[in-house]
Amino acid sequence: MQAPVGLTFVTYEHPLGIHTADDRVRAFKTGPQAGWFNHINVNAHDHGGHFIPWENPDAWVSDLRRTFHGRRP
């Protein structure tokens with residue numbers, strides 16, 4: 001059993017050729033690293049950087065809640 005994983009990407013960390021939040025999510029889900037995780041929630045935001053909990057706290061908390069919603073014992 002793998003632990004559920006939620007991934008939050010931000011514009012600051014887009015790789016070359018990725019220009020929107022939707023492109024970033026799609027690139028991850030179709031890329032080679034997607035199979036490494038039991039990803040429950042993958043999201044990207046146009047605002048925020050490396051310290052997203054401080055820079056865009058509402059989005060980060062929303063992603064965290066979405067990842068673990070309904071997974072309580």
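Numbering starts at 1 and runs along the sequence shown. Heavy-atom basis, side chains included; hydrogens, waters and symmetry copies ignored.
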Check: Ser62 side chain, Asp58 main-chain N or O, donor-acceptor pair, under 3.5 Å: no

Pair Asn41-His69, side-chain donor/acceptor within less than 3.5 Å: no

Same apolar cluster: Phe51 and Val61, side chain cutoff 4.5 Å: no

Heavy-atom pair with the smallest gap, counting every atom of Glu55 and His50: OE1-N, 4.0 Å

Heavy-atom pair of closest approach, residues His39 and Ala34: CD2-O, 3.3 Å

Neighbour count above 12 (heavy atom, 6.0 Å) for Arg65 CZ: no

Close side-chain approach of Val10 to Arg24, heavy-atom, < 4.5 Å: no

Reported CG-to-NE2 distance for the pair Asn56 and His47, which is rounded to 0.5 angstrom: 4.5 Å

For the student: nearest non-hydrogen atoms of Gly6 and Thr67, plus distance: CA-OG1, 3.4 Å

Any donor-acceptor N or O pair under 3.5 Å, side chains Asn43, Thr8: no

Ala21 to Ala44 - nearest heavy-atom pair and separation: O-CB, 3.4 Å

Other cluster members, Val42 - Ile/Leu/Val/Met/Phe/Trp/Tyr, side-chain contacts below 4.5 Å: Val5, Leu7, Phe9, Val25, Phe28, Trp36, Phe37

Heavy-atom closest pair, residues Ile40 and Pro4: CG1-CB, 3.3 Å

